[in-house]
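Just so we're clear, the structure is a prediction, and the values are computed from it rather than from any experiment.
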Amino acid sequence: MDQSNLIKPMLHAHYPVIDYGIGVYLYDTDGKEYLDASSGAITANIGHGVEEIIEAMHEQAKKVSFVYRSQFTSGAAEKLALKIAEAAIGDLNWSFFVNSGSEATETAMKIAIQYWQEKGIQTKTKVLSRWMSYHGITLGALSMSGHTGRRARFIPLLEDFPVIHPPYCYRCPYKLEAPECGYLCAHELETVIKRIGQENIAAFIAEPVIGAAGGAITPPKDYYRIIKEICDRHDILFIADEVMTGFGRTGTMLACEQWNVKPDIVALGKGMGAGYAPIAAALVSDEIMKPILAGSKSIMSGHTLSANPQSCAVSLAVLEYIEKNNIIPEVDSKGVYLQNKLTKLQSKFSFIGDVRGKGLMIGLEFVKDHLSREPFSRKFNLTQRLIQEAQEQGLLIYPAGAGKNGTDGDAVLIAPPLTITKREIDDLVKRFEGTLQIFTEKHLLFAEEEAE
């Protein structure tokens, strides 16, 4: 395409035009094949071109695609809310449907603040979070995000909600190892609460496995148990941002189940529509809904396309497809198989510093020195170069933050559709290994010279 009126992520860059997708593969208009090893943006959880979903889209479109939530409900929205309530842990029985993960986390934040207001407590308005986190690009969601790179342009408009270290064991700020560390990074939360005052704090939000901001940083065993106990002790709600991890990405419906922790509110998105339609949700427990039901009986949030029947019908079809094909129970074994194969590459490519993650959400962090864990110079721009090289080799991987401050390191996410087969995992690893080999020969040997 010679000229474009479309504002793309990088205005000067060339983007191939995708023609169609089948399963874990995408094909551009030149006929080139790509293995979608990142599910787009960790979204296409059941792969591309699934006939059952396409049929569900068609059937709903023949009925009605849009009604306004203040005027009507729809069978699709009601059935989806019931389906999610049945699949979720505990009493997370209420769904507020929105259109994106950013909207979902903002809605979760608003519900948390309104919960305390409905109980007659007006001072609880802060939502604490962690550094090296990402909860969305709208101003409220960005205020909760500890992603320094994405915050930078808008600092004057943002709240200072990020307050504690992430559970980044590979680069522990205390230079200790779990569990001997005593989970100091979790106990930081209590210190901060005492400084700010629990009377001012509505909620604490966290990604169970840190995605774009941390390259699948996965906490040790007792981390979330301690976090939840601290929140409960100080009357602070726990919001789980499961926009990336929800709907089976880690091997359970919600990633929080991996640590036996039940959040008060959950933000969902991405895999909820699996890329077939824009949809997300704030999932709320019975306990949090009680004072609202007894009080104003209305949650102050919403968007024009919230709970539209077209997107709800698609999401319902996605959940039914996942359930019918027994997809989630197979994620753990596929994840172990993939992570073991990626870990073996460390012996061949010494710049792979860490391989981490859970289920089919795996991060690789790259370092200049394997022993010291020194990162590459930011001038070298390793992550973007590697992603570009991978795409040239027909492999799609996703950029992620890394390093002590979340900005001075390099990492990628490998998170293919949950439907990927072991044969396709072998293909993924083969393409990734080939990419690393070519990258080493073309770029890495000259990293020092280029960084100067």
Side-chain angles (χ1 to χ4, degrees), residues 7 40-43 56-57 60-61 63-85 88 92-115 117-118 125 127 134-145 150 154 157-159 161 202-203 205 237 239-244 246-247 265-285 288-289 292-293 296-319:
I7 297 177
I42 314 9
T43 302
M57 296 170 75
Q60 184 61 48
K63 297 176 182 177
V64 63
S65 290
F66 170 76
V67 293
Y68 186 42
R69 66 185 291 269
S70 291
Q71 297 168 333
F72 298 99
T73 185
S74 70
E78 296 290 349
K79 289 175 185 176
L80 178 59
L82 176 60
K83 190 74 173 176
I84 293 174
L92 291 162
N93 291 322
W94 297 78
S95 288
F96 193 119
F97 295 131
V98 290
N99 311 293
S100 70
S102 298
E103 292 178 15
T105 58
E106 280 216 19
T107 300
M109 174 180 69
K110 291 173 181 177
I111 291 171
I113 293 170
Q114 183 176 337
Y115 165 79
Q117 291 174 342
E118 300 275 5
T125 57
V127 178
Y134 183 59
H135 302 293
I137 203 65
T138 54
L139 289 180
L142 197 57
S143 284
M144 294 186 285
S145 300
R150 294 182 184 178
F154 310 105
L157 304 175
L158 303 179
E159 298 287 347
F161 289 160
I205 186 170
L237 305 187
I239 302 172
D241 179 352
E242 298 243 14
V243 171
M244 266 196 186
F247 294 95
I265 306 172
V266 177
L268 298 168
K270 292 187 180 286
M272 184 173 172
Y276 290 87
I279 187 165
L283 188 57
V284 189
S285 70
I288 302 309
M289 289 298 296
I292 299 172
L293 289 166
S296 68
K297 298 178 176 60
S298 176
I299 287 173
M300 187 56 242
S301 192
H303 305 267
T304 300
L305 290 171
S306 290
N308 76 84
Q310 188 67 50
S311 291
C312 288
V314 169
S315 182
L316 180 62
V318 167
L319 290 185

If you look at every heavy atom in [X] and [Y], which pair is closest and at what distance?
X: Ala282; Y: Ala108; result: CB-N, 4.2 Å
X: Ala76; Y: Gln60; result: CB-OE1, 4.0 Å
X: Pro309; Y: Val67; result: CD-N, 3.7 Å
X: Gln114; Y: Ser298; result: NE2-O, 2.6 Å
X: Ser100; Y: Ala280; result: O-CB, 3.2 Å
X: Val98; Y: Ala281; result: CG2-N, 4.0 Å

Using residues 299-307 as the side-chain source, report each donor-acceptor pair under 3.5 Å to any protein atom, sequence neighbours left out, with the distance given to one decimal.
unit_1	atom_1	unit_2	atom_2	d
Ser301	OG	Thr107	OG1	3.4
Ser306	OG	Phe97	O	3.2
Ser306	OG	His303	N	2.9
Ser306	OG	His303	O	3.3

Side-chain ([X]) to main-chain ([Y]) donor-acceptor, under 3.5 angstrom:
X: Ser315; Y: Met272; result: yes
X: Thr43; Y: Ala41; result: yes
X: Glu78; Y: Thr73; result: no
X: Ser311; Y: Ala277; result: no
X: Ser143; Y: Leu158; result: no

Phe66 CZ: over 12 foreign heavy atoms closer than 6.0 Å: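 Yes, enclosed.
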
Atom [atom1] of [X] and atom [atom2] of [Y]: how far apart are they, to the nearest 0.5 Å?
X: Glu103; Y: Lys110; atom1: CD; atom2: NZ; result: 9.0 Å
X: Thr105; Y: Asp241; atom1: OG1; atom2: CG; result: 6.0 Å
X: Leu283; Y: Ile239; atom1: CG; atom2: CD1; result: 12.0 Å
X: Met109; Y: Thr125; atom1: CE; atom2: OG1; result: 10.5 Å
X: Met144; Y: Glu159; atom1: CE; atom2: CD; result: 11.0 Å
X: Lys270; Y: Ile42; atom1: NZ; atom2: CD1; result: 6.5 Å

Run the side chain to side chain contact (heavy atoms under 4.5 Å, CB included) test on Phe96 and Arg69 for me, step by step, so that the C-alpha distance in whole Å, both residues' side-chain angles and the decisive distance to 0.1 Å come before the verdict. CA-CA 11 Å; Phe96 193 119; Arg69 66 185 291 269; 3.5 Å; yes

Indicate yes or no: at least one non-hydrogen side-chain atom of [X] is less than 4.5 angstrom from one of [Y].
X: Val314; Y: Ile279; result: no
X: Ile111; Y: Trp94; result: no
X: Leu268; Y: Phe247; result: yes

Residues which pass side-chain hydrogen bond (donor to acceptor under 3.5 Å, both in side chains) with Ser65, listed by chain and number, not counting sequence neighbours: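 In terms of side-chain hydrogen bond (donor to acceptor under 3.5 Å, both in side chains), with neighbours along the sequence ignored, Ser65 is linked to Gln310.
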
Can you list everything that forms a salt bridge (Lys or Arg N to Asp or Glu O under 4.0 Å) with Lys83? Sequence neighbours excluded, please.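 Lys83: salt bridge (Lys or Arg N to Asp or Glu O under 4.0 Å) contacts with Glu323.
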
